[in-house]
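Have a look at this one.
Each residue takes its place number in the sequence, starting with 1.
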Amino acid sequence: MTKAAEIDIVSVSKIYGSTTAVHSISLKIPSGSYCCFLGPSGCGKTSTLRMIAGHETISSGDIRLGNTVVTDLPPAKRGTAMMFQSYALFPHLDLIDNVAFSLKMKGVEKEERRAKALEMLKLMQMEPYANRRPAQLSGGQQQRVALARALITDPEALLLDEPLSALDPFLKIRMRAELKKLQKNLGITFVHVTHSQEEAMALADIIVIMSDGRIEQAASPREVFERPATAFVARFMGDHNVLTGRVISSADGVLTLQVPEGQTFTVAGEGREEGSPIDIGIRTDRVRLRESGEKTLGFNGVVSNVEYRGASVKITVMGAGSEDFTVIASDADYFDKPVAVGDAVSLSWGLEDAVLLGAVAA
């Protein structure tokens, strides 16, 4: 296998007519890492992947793969391979010819390319099906063939566009594990676009969260989970509540904010002027339903929804300007002191469970 390459995206923009799909993003993807681009539909993640692959022209900026600027190179000359969401297999060819197709285009002799294709099918545990056609395979099997076809060119980076979206939930989880194992065994850089937070958390060494064509945060899954950079990341990842207000005081490394409804809250941080807008995130699994009168951070609210999830219970509360402040309680804690829709509750958390959120650069 070819060695992995670092991917360096330098001030890259993509403009379609009067619409800017990607706003001057810069990012270094370390060689040999598993990178997931994550975000809602239309955030620019697939456009970015297609620009790395060469299937989309770059409006401004550069992309470097290892030591080579690939901005103006055609896809076949970049050292990348792309696996498409639709798999794009040829229905009239057997699996060997499907996998060997790119080598055929390069003029590799029939015997040599078929031997290499068989080797790739063996890697994907698809060798017994070598003489079948795509229509005779399940979705998961077709995906393995598409992976084999992408990897036969010995790419330095494999680009995957929502590769698991067509699979059923159980197969998704199995294929996630296989993708991670494959990436570790091959040692090449994987860049994977997804809209699933769970998928990105399970697979990635680095998660790149995009919104409106900009990068909100690029960090390890743990950092994204524990220290979301912006209110968008906190909301999108779903593990933090967001409270929005204005700074009313700053002292000893602690900021105090007031929300429009009048309640005040504190968060560790400094460098914010009095009166300036502020967002804070509070971990959903660290919020507690408390006895009223207990002195801690928090507020009083009304339960608007309760969802039983087996090991945990999700309780949604209205209050402090939030329509959907979330508490994730263990099933044991919840059933010890259950609450119902319409109940008045007091919520609490510790100072260490709140994080100061920044704003994404314009």
**Report entry** Flag side-chain contact, heavy atom, 4.5 Å: R50 against M82
**Finding:** yes

Report summary line: NE2 of H23 to CD1 of I215, rounded to nearest 0.5 Å, is 12.0 Å

**Report entry** Side-chain H-bond candidate by donor/acceptor type, E199 with T194, under 3.5 Å
**Finding:** yes

Report task. Could you check R149 against M120 for side chain to side chain contact (heavy atoms under 4.5 Å, CB included), going step by step and ending with a plain yes or no? Result -> CA-CA 8 Å; R149 190 180 58 182; M120 295 311 300; over 6 Å; no

Query raised in the report: Is it true that E6 and R64 have a side-chain N and a carboxylate O under 4.0 angstrom from each other?
Result: no

Report task. Indicate yes or no for a side-chain donor-acceptor contact from D343 to the backbone of A340 under 3.5 Å, with no hydrogens or angles considered. Result -> yes

Query raised in the report: Do T264 and L257 touch side chain to side chain, with heavy atoms closer than 4.5 Å?
Result: no

Query raised in the report: Would you find a donor on one side and an acceptor on the other, under 3.5 Å apart, between the side chain of S13 and the backbone of S24?
Result: yes

Query raised in the report: Okay, side chain of T71, backbone of I63: is any donor-acceptor separation there less than 3.5 Å?
Result: yes

Requested in this report: With rounding to the nearest 0.5 Å, note down the distance linking OG in S211 to CD in E216.
Outcome: 4.5 Å

Query raised in the report: What pair of heavy atoms forms the shortest contact from L255 to G269, and how long is it?
Result: CG-O, 3.4 Å

Query raised in the report: Of the non-hydrogen atoms in I7 and A157, which two are nearest, and what is the gap between them?
Result: CD1-CB, 3.9 Å

**Report entry** The single option from R114, R132, K104 passing salt bridge (Lys or Arg N to Asp or Glu O under 4.0 Å) against D97
**Finding:** R114

Report summary line: Closest heavy-atom pair, P134 versus P91, reported as atoms and distance to 0.1 Å, is CD-O, 3.9 Å

Requested in this report: For D8, look at atom CG and say whether over 12 heavy atoms of other residues, nucleotides or ligands are found less than 6.0 Å away.
Outcome: yes

Requested in this report: Measure from the side-chain N and O atoms of D168 to the backbone N and O of F170, and report whether any donor-acceptor pair falls under 3.5 Å.
Outcome: yes

Query raised in the report: Any idea which heavy atoms bring C36 and L203 closest together, and the distance?
Result: SG-CB, 4.2 Å

**Report entry** Hydrophobic cluster identity match, V341 and V313, side-chain contacts under 4.5 Å
**Finding:** no

Requested in this report: Please list, chain by chain and in numerical order, all residues satisfying side chain to side chain donor-acceptor pair (under 3.5 Å) with D285, sequence neighbours excluded.
Outcome: R283

**Report entry** E226/R222 ion pair, N-O < 4.0 Å
**Finding:** yes

Query raised in the report: Could K14 and Y16 be counted as a cation-pi pair, given that NZ or CZ must be under 6.0 Å from the ring centre and within 45° of the axis?
Result: yes

Report task. Apply salt bridge (Lys or Arg N to Asp or Glu O under 4.0 Å) to E261 and list each qualifying residue two or more places apart in sequence or on a separate chain. Result -> none

Query raised in the report: Would you find more than 12 non-hydrogen atoms of other residues, nucleotides or ligands less than 6.0 Å from N185 atom CG?
Result: yes

Requested in this report: Mark yes or no for whether S312, through its side chain, and R309, through its backbone, hold a donor-acceptor pair below 3.5 Å.
Outcome: no

Query raised in the report: Taking C-beta and beyond as the side chain, do V208 and L27 meet within less than 4.5 Å on heavy atoms?
Result: yes

Query raised in the report: Distance-only, no hydrogens or angles: does the R286 side chain make a donor-acceptor pair with backbone N or O of W349 under 3.5 Å?
Result: no

Report task. Check the pair M126 / V145 against side chain to side chain contact (heavy atoms under 4.5 Å, CB included), numbers first and verdict last. Result -> CA-CA 7 Å; M126 288 299 293; V145 177; 4.1 Å; yes

**Report entry** For the student: nearest non-hydrogen atoms of L179 and P163, plus distance
**Finding:** CD1-CG, 4.4 Å

Query raised in the report: Taking the six-membered ring for Trp, are H55 and F84 parallel (under 30°), tilted (30 to 60°) or perpendicular (over 60°)?
Result: tilted

Query raised in the report: Could D72 and R78 be called an ion pair, given the rule that one side-chain N must be under 4.0 Å from one carboxylate O?
Result: no

Requested in this report: Take K180 and D205, measure what side chain to side chain contact (heavy atoms under 4.5 Å, CB included) needs, and give me the verdict at the end.
Outcome: CA-CA 10 Å; K180 186 83 173 166; D205 302 312; 3.6 Å; yes

Requested in this report: Look up atom CG in L89 and atom CG in D94, then write down how far apart they are to the nearest 0.5 Å.
Outcome: 11.5 Å

Report task. Evaluate the side-chain proximity of K116 to D154: yes if any heavy-atom separation is below 4.5 Å, no if none is. Result -> yes

Query raised in the report: With a 4.5 Å heavy-atom cut-off, do E156 and T189 have their side chains touching?
Result: no

**Report entry** Main-chain N/O of D324 paired with T326 side-chain donor or acceptor, under 3.5 Å
**Finding:** yes

Query raised in the report: Is it the case that one hydrophobic cluster holds both V22 and I52, taking links as side-chain heavy atoms less than 4.5 Å apart, direct or via other members?
Result: yes

Query raised in the report: For the side chain of Q217 and the backbone of R227, is there at least one donor-acceptor N/O pair under 3.5 Å apart?
Result: yes

Query raised in the report: Do the non-hydrogen side-chain atoms of P40 and F236 ever get within less than 4.5 Å of each other?
Result: yes

Query raised in the report: If you draw a 6.0 Å radius around NZ in K184, do more than 12 non-hydrogen atoms from other residues or ligands fall strictly inside?
Result: yes

Query raised in the report: Would you say R144 and E178 make side-chain contact, with heavy atoms under 4.5 Å?
Result: yes

Query raised in the report: Between K122 (side chain) and E127 (backbone), is there a donor-acceptor pair under 3.5 Å?
Result: no

Query raised in the report: Is the backbone of I188 close enough, under 3.5 Å, to the side chain of Q183 for a donor and an acceptor to pair up by distance?
Result: yes

Query - CZ (R176) with more than 12 external heavy atoms under 6.0 Å - result: yes

Query - Hphob cluster co-occupancy, M318 + F265, side-chain heavy atoms under 4.5 angstrom - result: no

Query raised in the report: Are M201 and L164 co-members of a hydrophobic cluster defined by side-chain heavy atoms under 4.5 Å apart?
Result: no

**Report entry** Ring centres under 6.0 angstrom apart (H195, F37)
**Finding:** no

Query - Aromatic contact, Y334 with Y308 (centres under 6.0 Å) - result: no

Query raised in the report: Closest approach of E273 and S276, non-hydrogen atoms and distance?
Result: O-OG, 2.6 Å

Query raised in the report: Given T284 and D239, is the side chain to side chain donor-acceptor pair (under 3.5 Å) satisfied, shown in steps?
Result: CA-CA 6 Å; T284 56; D239 45 57; over 6 Å; no

Query raised in the report: For T316, what residues pass the side chain to side chain donor-acceptor pair (under 3.5 Å) criterion, not counting sequence neighbours?
Result: none

Query - Separation of L243 CG from S322 OG (nearest 0.5 Å) - result: 6.5 Å

Query raised in the report: In terms of ring plane angle, is the pair F90 and F101 parallel, tilted or perpendicular, where the classes change at 30° and 60°?
Result: tilted

Query raised in the report: Can you tell me how far the OG atom of S249 sits from the CD atom of E274, to the nearest 0.5 Å?
Result: 6.5 Å

Query raised in the report: Looking just at side-chain N and O atoms, do T244 and D279 make a donor-acceptor pair shorter than 3.5 Å?
Result: yes

Query raised in the report: Do I282 and L297 have side-chain heavy atoms sitting under 4.5 Å apart?
Result: no

Query raised in the report: Measuring from T256:OG1 to R272:CZ, what's the distance to the nearest 0.5 Å?
Result: 13.5 Å

Report task. Mind running side chain to side chain contact (heavy atoms under 4.5 Å, CB included) on M237 and L38 for me, showing each step along the way? Result -> CA-CA 10 Å; M237 295 307 291; L38 175 66; 3.7 Å; yes

Query - Joint hydrophobic cluster, V267 plus I248, side-chain heavy atoms closer than 4.5 Å - result: no

